[in-house]
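Chain letters run A, B, ... following the sequence lines, proteins first and then strands; every chain starts at 1. Just so you know, these numbers use all the heavy atoms, side chains as well, and skip hydrogens, waters and symmetry mates.
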Protein chains: 2
Amino acid sequence: MATSDSAPRARGEYAKSSQRRKEIISAAVEVFSESGFRDGTLRTVAERAGMTHAGMRHHFPTKVDLLEAVLKWREVETLERARLTHPIGIDVIRTWIASVAENTTRPALVELEAVLSAEAISADNPAHEYFNDLYRRAEDLLTRAFATMAERGELRAEIESEVAARLVLSTTLGLQSLWLRNRSIDVATELRIYTGVLLTVEL
Amino acid sequence: MATSDSAPRARGEYAKSSQRRKEIISAAVEVFSESGFRDGTLRTVAERAGMTHAGMRHHFPTKVDLLEAVLKWREVETLERARLTHPIGIDVIRTWIASVAENTTRPALVELEAVLSAEAISADNPAHEYFNDLYRRAEDLLTRAFATMAERGELRAEIESEVAARLVLSTTLGLQSLWLRNRSIDVATELRIYTGVLLTVEL
DNA sequence: GTCTATAAACCGATAGAC
DNA sequence: GTCTATCGGTTTATAGAC
């Protein structure tokens, strides 16, 4: 799945086309966040990007191609940020919570994930495997962090690493979905309280 | 819609119509669970109920009418059950967890709520207010229970009732949505572990 | 109560002009 | 690159026969 612009000829044309793609993806994020993938229409996306849906086809031949671009955008916006710093142990948890806090400033991102991932529960949804994989990797990341902490005696002895990881992940997902309905909830603070209870050290 | 027919006849017809409605609702729960409200079609629902979608219109004039019936059925199946036993304090939490455990035997119910509630994040969704209200009432129920427990010293002193309530609710929602992707997760057990950490007494 | 048949609207995809 | 025009398919809703 390499990018389609593999042969960069004139730099100007490439930059312009790249900019257009970004505008379309941005519009698609809005529409898919509001209406989901199935009900979000190409005509609506195109309208917000200032085009017709037929013109958009030059950049994204099918609707699924557009979805894949949106998911890739989402990926870059979230996981990459946390991975570049290579934290270990308790710093993974701190980075996780900081990332959740930052998400509070970007409701569109949170809503996109909530809506698309729920749709993707159906096995025939084009994003089904994407979200299965996403959550499995998140669980692995947290499990490794808690395992390291357990060796150091920083995790309560009666809590297994895998269980702690799933609790943090599920609480994050649940709190975010409640927050989408009631923006007065302080997601990061409540997540920090909850996670702190699992530990023997200060978070 | 009462006919001029006399009693025995009318009773039979009424019971038949009521039974037909239940069959349609049952089919709608299946279809909406699998495909959501927007993508789940009246034709599919009707087919599973052994009718045509036009014939179904006699029982549910519009698609939104059918959705409302499904939501009402779901309501009766869950929250009502917990409310009828009138538990207080820690017994509310125990009843909650027992209810979550029972949900494990009914994936369609859990998937229905996950898919419909995510769709209903959009303010223009017909079930938007329904889910806002549902989660607010669940939070109130749990907050009152934890407040009672706090008075009895059963809740860790540093945890506020409102926060404990939201943590249990969000963890429940998050665990269920992970469970829909990986059925090997023991939702009730992990929820019990997590809730137990918040308490000073055995759950 | 349930059916057949169809209206009216909308969807994604595409052909072809410019 | 973007447009107009349109195709084939799908949807909800409805009219009317039985």
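Atom CG of Leu67(A) is separated from atom P of dC11(C) by 17 Å (rounded to the nearest Å). The distance from atom CE of Met51(B) to atom P of dT4(C) is 11 Å, rounded to the nearest whole Å. Rounded to whole angstrom, the span from the NE2 atom of His58(B) across to the P atom of dT14(D) amounts to 15 Å.
For Glu154(B), there are no salt bridge (Lys or Arg N to Asp or Glu O under 4.0 Å) partners, not counting sequence neighbours. Not a single salt bridge (Lys or Arg N to Asp or Glu O under 4.0 Å) links Glu160(A) to another residue, sequence neighbours left out.
A side-chain donor-acceptor contact under 3.5 Å links Trp96(B) and Thr172(B). Side-chain atoms of Thr171(A) and Thr171(B) include a donor-acceptor pair closer than 3.5 Å.
The side chain of His59(B) places an N or O atom within less than 4.0 Å of a non-bridging phosphate oxygen (OP1 or OP2) of dT2(C). Close to dC3(C), at under 4.0 Å from its OP1 or OP2, lies a side-chain N or O of Thr52(B).
In this structure, the side chains of Leu175(A) and Val100(A) stay at 4.5 Å or more apart for every pair of heavy atoms. Residues Leu116(B) and Tyr130(B) have side chains not in contact (no heavy-atom distance under 4.5 Å, counting atoms from C-beta outward).
Annotation: proximity of residues 27-41 of chain B to DNA chain D (heavy atom, distance under 4.0 Å) is found for Gly40(B), Thr41(B), numbered in ascending order.
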key: Nucleotide-resolved protein contact map, nucleotides 13-18 of chain C, B/S/- at heavy-atom distance under 4.0 Å   = BB----
For a quick test of your reading: what N or O donor-acceptor pairs under 3.5 Å do the side chains of residues 118-126 of chain B make, sequence neighbours left out?
unit_1    : atom_1 : unit_2    : atom_2 : d
Glu119(B) : OE1    : Phe37(B)  : N      : 3.0
Glu119(B) : OE2    : Arg38(B)  : N      : 3.2
Glu119(B) : OE2    : Arg38(B)  : NE     : 3.3
Ser122(B) : OG     : Glu34(A)  : O      : 2.2
Asn125(B) : OD1    : Ala127(B) : N      : 2.7

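The stretch residues 62-71 of chain B participates, sequence neighbours left out, in these side-chain hydrogen bond (donor to acceptor under 3.5 Å, both in side chains) pairs: Thr62(B)-Asp65(B).
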